[in-house]
> 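Sharing a structure, written as structure tokens. Questions coming.
Labels below follow one simple rule: chain letters A, B, ... track the order of the sequence lines, proteins then strands, and each chain is numbered from 1. Only heavy atoms go into these numbers, but all of them, side chains included; no hydrogens, no water, no symmetry mates.
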Number of protein chains: 2
Amino acid sequence: MNKKNMEEIKQMLKDKGIPPSYHRISIYKYLKDNINHPTVDTIYKDLSKKIPTLSKTTIYSTLKLLTRKNIVQEILIDDNEVRYDYNTKPHAHFKCTKCGKIYDIFIKSELFNIKNIEDFSVNHTDIFFRGVCEKCKNK
Amino acid sequence: MNKKNMEEIKQMLKDKGIPPSYHRISIYKYLKDNINHPTVDTIYKDLSKKIPTLSKTTIYSTLKLLTRKNIVQEILIDDNEVRYDYNTKPHAHFKCTKCGKIYDIFIKSELFNIKNIEDFSVNHTDIFFRGVCEKCKNK
DNA sequence: GTATCTGCAAAACATTTGCAATTCT
DNA sequence: AGAATTGCAAATGTTTTGCAGATAC
């Protein structure tokens, strides 16, 4: 089952023109299994338990590569830390300013489909909300 | 005329509960005169020509203060540099991925008025577009 | 055997902080 | 004088880069 996942990811990376090294497969699988928009640091702390030789440099370069190939998505919602999202389909994000968690918001909006606005060609639309989540409201 | 502007800003800062030092007035006036979403570094390079004693620390602390008081707006559209926007009214932004310029987009969207979404209380909505601007298209 | 991938250490940035000096009233 | 503002230098945190060694095909 886990093996099967690895094989599937391996094939997918190949199809996208990315040589599927063990590290790359592992990092992608981590994003698939942890859809809570982890940072490089979080990925490193977790994954290096299982793969002690893994370095941050490799995580950085792998994520840049996957982003360039549109297999994952960078989220720049706040602060100066980049987060990564396994889900590349158009969706919005919500960040709770108290607990810092980021949630996916699956709203439909015509803004995601805009191809031109004023004189500009649009390639990508980001919609971010900031506020307080249910849990933090009740504290 | 210029003096008059300074006086107006001074009064406005006072009204918002901010002691209007010369540096604070100058930084706010810079944002008013340069609505192209400058970074701290840009502000520093430009303003320190006129005010040689001005330090980056002061610019950082002043902008944090103005942001907290909702007099200016932080823009976190890309990379790891914060940009500042004189215009605090709801509007979207477009970033050209070729030249790096950021443009204001004055679209109307009900998303700017959302107060609740799913279980969350929304305080702020950001809408960002990325793509290529007219000038870069024709290069 | 040659390309690529990886990891370390250093560098490069943006931003924050501690603290002493300056300024303002 | 007393409180707030400012500036320097150092610290912090994230990301990038150069290069040497390891790995893969």
> Mind telling me whether C:dA3 is syn or anti, cutoff 90° either side of 0?
syn

> Classify the ring geometry between B:His93 and B:His37 as parallel (under 30°), tilted (30 to 60°) or perpendicular (over 60°).
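It falls in the perpendicular class, over 60°.
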
> Describe, in one word, how the ring planes of A:Phe120 and B:Tyr103 are oriented to each other, choosing from parallel (under 30°), tilted (30 to 60°) and perpendicular (over 60°).
tilted

> Side chain of A:Thr57, base of C:dC8: donor and acceptor closer than 3.5 Å?
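When only heavy-atom distances are counted, A:Thr57 does reach the base of C:dC8 through a donor-acceptor pair under 3.5 Å.
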
> Any side-chain N or O of A:Tyr60 under 4.0 Å from OP1/OP2 of D:dT16?
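Indeed not, no polar side-chain atom of A:Tyr60 lies that close.
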
> Send over the distance from B:Ile51 CD1 to C:dT22 P, rounded to a whole Å.
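For the pair B:Ile51 CD1 and C:dT22 P, the rounded distance is 20 Å.
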
> Would you say C:dG7 has OP1 or OP2 under 4.0 Å from some side-chain N or O of A:Thr58?
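Looking at the OP1 and OP2 atoms of C:dG7, one of them is under 4.0 Å from a side-chain N or O of A:Thr58.
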
> Measure CG/A:Leu63 against P/C:dC5 and give the value in whole Å, please.
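Taking atom P of C:dC5 as the reference, CG of A:Leu63 is at 15 Å.
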
> Under 4.0 Å, heavy atoms only, any strand: does B:Thr39 hit a base, just the sugar-phosphate, or nothing?
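Here B:Thr39 touches no strand at all.
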
> Taking the six-membered ring for Trp, are A:Tyr28 and A:Tyr86 closer than 6.0 Å centroid to centroid?
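A:Tyr28 vs A:Tyr86: aromatic centres under 6.0 Å.
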
> Measuring to OP1 and OP2 of C:dT6, would you say a side-chain N or O of A:Ser21 lies under 4.0 angstrom away?
yes

> Are any of the side-chain nitrogens in B:Lys135 or A:Asp119 under 4.0 Å away from the carboxylate oxygens of its partner?
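A salt bridge is absent here (no side-chain N lies under 4.0 Å from a carboxylate O).
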
> B:His23 has an atom NE2; how far is it from atom P of C:dT22, in whole Å?
15 Å

> For B:Arg24 and for A:Val40, find the nucleotide of DNA chain D with the closest heavy atom, then tell me which residue's nucleotide is more 5'.
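Upstream on the strand: B:Arg24.
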
